[in-house]
There are 2 protein chains.
Amino acid sequence: MEEKCEKPNYNNLSERSREILLGIIEGYFGTANPVGSKFIAENTGLNLSSASIRNIMASLEEAGYIYQPHFSAGRIPTAKGYKFYIDGLMIAEKISQKEKENIEKRLASANRNLSGILSRVSILLSDLSHYAGVVLAPDMSGAFLLHIEFIRIKEKNILAIIVFANGVTENKSFYIPKDIKQNELTRYSNKLNGIIENKNCDLDGLKKIITEEMYSDKENFYSILSSEIFSPVGNTDDYGDCINYDNRLYVGPEGDLLEEPEFSNNEQIKFLIKTISDKKNIIKLLGHTKNCKTKQIFIGSEEEWSEISGLSLITAPYASENNMLNGSIGIIGPLRMNYSHVIPIIDFMSEFLGGII
Amino acid sequence: MEEKCEKPNYNNLSERSREILLGIIEGYFGTANPVGSKFIAENTGLNLSSASIRNIMASLEEAGYIYQPHFSAGRIPTAKGYKFYIDGLMIAEKISQKEKENIEKRLASANRNLSGILSRVSILLSDLSHYAGVVLAPDMSGAFLLHIEFIRIKEKNILAIIVFANGVTENKSFYIPKDIKQNELTRYSNKLNGIIENKNCDLDGLKKIITEEMYSDKENFYSILSSEIFSPVGNTDDYGDCINYDNRLYVGPEGDLLEEPEFSNNEQIKFLIKTISDKKNIIKLLGHTKNCKTKQIFIGSEEEWSEISGLSLITAPYASENNMLNGSIGIIGPLRMNYSHVIPIIDFMSEFLGGII
DNA sequence: TTTAGCACTCGATATGTTTAAGTGCTAATT
DNA sequence: AATTAGCACTTAAACATATCGAGTGCTAAA
């Protein structure tokens, strides 16, 4: 899969311009209102009059870092401005030892079960950031198998339980054309488990071994099964519902996010809720991050990432120690997001999550 | 558990009053604006002047079926008015054969896996109603067991897979103080499965049998286990997160609901989203319905069900044929909900869902 | 019993006015 | 050459006021 994951390169700004840009961005973070030249003159160490600052602001606007919502208003950062801030101006907050311990505690008490952990992480991300946390579950294809078990539910109905080496389980129940008794099923699963123990393979590998071995015999149990049990997991169905374990998006509570002043506008709030409840675009961007293997910052503007226009999404991939499980996490907030607070949270959480799955 | 599930009894209204009330409610459904006497005079079969209708409206208001948002406005139904409409005035729509087939098709293509079905049902309820569908997963305590399997994940870490007779599975992974090899674990699960086959019991029943049998031996595997495997399922944890399979709420997409005119007000929309994402109150009301065993209608007003004030929640219980799995489904919408459309959907779906789980 | 007529209420809408914040430009100052 | 004081100008927001229209309750007449 090919993806563009590079970081853009910004032309340098003079020290003075950088300081004024920083002032504008931090001022905007604080007040949620356009920042004027007078405010900068009074609230930064620069000993300059508002008139001088106006001159520099005009050139910062020319260069695309800030803009005016209307003629006689102050300035607001553009997407380009935020990016410059994140890459060069921002001083990331440190997560205190106490906070780290709190996170560990809240995740430790979770059932040691992937779905439970991921759901919990999404809630935790919401809580810590006061925005909305999202978690994309890892794709199970490629994960080593530990155990497979067939259980007869009732006549011609079988449940397959697939246990991966990392403790994740997947259940698939399906119908077969002729009934098979439980002890025969147990024989079949024993045989599969023998292969798994010897060859240390993933689902796809197992499929190959089985289809080679059982090539001729059409009536064979495994050949009936293979179409069912090895069917691709983790994709959306014909109705666009994401029903499978994999590729599943966990979304934390979004209550706090709604209190941000940008969502006092009715259209904004609807766009936010629809974007989150639609899941499609969020999953797309989180998938992108998973493939990039590094933290990504999506700032939704008219020109770029317009699918989340007006929203920011900070994401990072996570991976289990053996690199078998890959997913990503993220935080959705307004453009005017507290990046210096949120980014360390994402960094810490992606690493921590990698360590416990 | 004791719950009040009775239906209130309304004093009778004259034929004319009923017809005017019906006109007001249907008019309000159509326009989302307070309905005046002139509108009723012109849009119903009644050959009455607006002045006469005003007299009757005054008495309907006196009796609490309608109210005026302000002095010179038309009338809006109260919660009491809606209830009277639902119980006595409404003519429920029929679900066409075609729609039924569509529902069946969309649920048939789902993986035959409880979680998948329930998630799908919540989406389907949203789609069909254009409001927000919710589904409360059944409580598994009381469901007969089919199979238990212990799998050694790694040193001192065990995964227990519990399969219920209805095909639902539950996974619990936990730590044990001393390591046990897989073949020994298999012996243990075989023993349990023997008991399950003979006694046909639920988790609680199994626990009793085991603890009686293994009374003396403290070092015993089962006694180590019992605290873990039989720990209560389906409740929220110390942080209020609902992480377990049971008692889990599935919420369908709420995009359509946001388009209703009642949610053009910013506070309304926030209340809706917070109520849904909070889950607690929705779960409470769905749980109430499950215990009542009949369809329930919650109309959120200042006086009653104020936790969903301004919202309506139509719910119905569902149960598997053998009555082992009990849960409930619901649709959340504005007070001005299209009850005659939504109620048959809820009725059909609760019955249909009971049939396929 | 019904209704025409009327005075009255009150939100919604439109219009005009004022205010405050902020700008760009120019000429004076450092 | 860089900086700044001063000023005319722009605009959104806040406020005040007037008008309109939908709807009411009441009374007296049909």
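Throughout, a chain's letter reflects where its sequence line sits, starting with A, and its residues are numbered from 1. Keep in mind the model is a prediction, meaning the values are calculated, not measured.
- A:Leu13 and A:Ser17 make their closest contact through CB-CB, 4.0 Å (heavy atoms, listed as atom of the first residue, atom of the second, distance).
- Atom CD1 in A:Ile24 sits roughly 12 Å away from atom P in C:dG22 (whole-Å rounding).
- Nearest to the side chain of A:Arg16, among C:dT3, D:dT3, D:dT4, sits D:dT3.
- For the residue pair B:Gln296 / B:Thr294, a side-chain donor-acceptor distance below 3.5 Å is found, with atom types taken as modelled.
- At whole-Å resolution of the value, CG in A:Asn55 and P in C:dG22 are 17 Å apart.
- Between the CD atom of A:Gln68 and the C1' atom of D:dA12 there is a distance of 13 Å, rounded to whole Å.
- For the residue pair A:Ser309 and A:Ser306, no side-chain donor N or O sits within less than 3.5 Å of a side-chain acceptor on the partner.
- Distance A:Glu61 CD to C:dT23 P: 10 Å, rounded to the nearest Å.
- Atom OH in A:Tyr67 sits about 16 Å away from atom C1' in C:dG22, given to the nearest Å.
- For A:Arg75 and C:dT23, the shortest distance from a side-chain N or O to OP1 or OP2 is below 4.0 Å.
- Taking side-chain N and O atoms only, A:Ser37 has a distance below 4.0 Å to OP1 or OP2 of C:dT23.
- The six-membered or imidazole ring of B:Phe39 lies away from that of B:Tyr28, with a centre-to-centre distance of 6.0 Å or more.
- Ring pair A:Tyr339/A:Tyr82 is tilted by interplanar angle, where 30° to 60° counts as tilted.
- Taking atom CD1 of residue B:Ile53 and atom C1' of nucleotide C:dT1, one finds them 15 Å apart after rounding to whole Å.
- Between the P atom of C:dG22 and the CD1 atom of A:Ile66 lies a distance of 13 Å, rounded to the nearest Å.
- Along DNA chain C, the nucleotide nearest A:Pro34 and the nucleotide nearest B:Ser49 are compared for position; the residue whose nucleotide lies closer to the 5' end is B:Ser49.
- Nearest heavy-atom pair across B:Ile343 and B:Lys295 is CG2-NZ, 3.6 Å.
- Here D:dT4 presents its C1' atom at 10 Å from CG of A:Leu48, a figure rounded to the nearest Å.
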Using the 3.5 Å cut-off, write out each protein N or O paired with an N or O of nucleotides 7-11 of chain D and the distance between them.
{"unit_1": "D:dT10", "atom_1": "O2", "unit_2": "A:Ser72", "atom_2": "OG", "d": "2.8"}
{"unit_1": "D:dT11", "atom_1": "O4'", "unit_2": "A:Ser72", "atom_2": "OG", "d": "3.2"}
{"unit_1": "D:dT11", "atom_1": "O2", "unit_2": "A:Ser72", "atom_2": "OG", "d": "3.3"}

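- Between the side chains of B:Thr289 and B:Ser328, no donor-acceptor pair is found at a separation under 3.5 Å.
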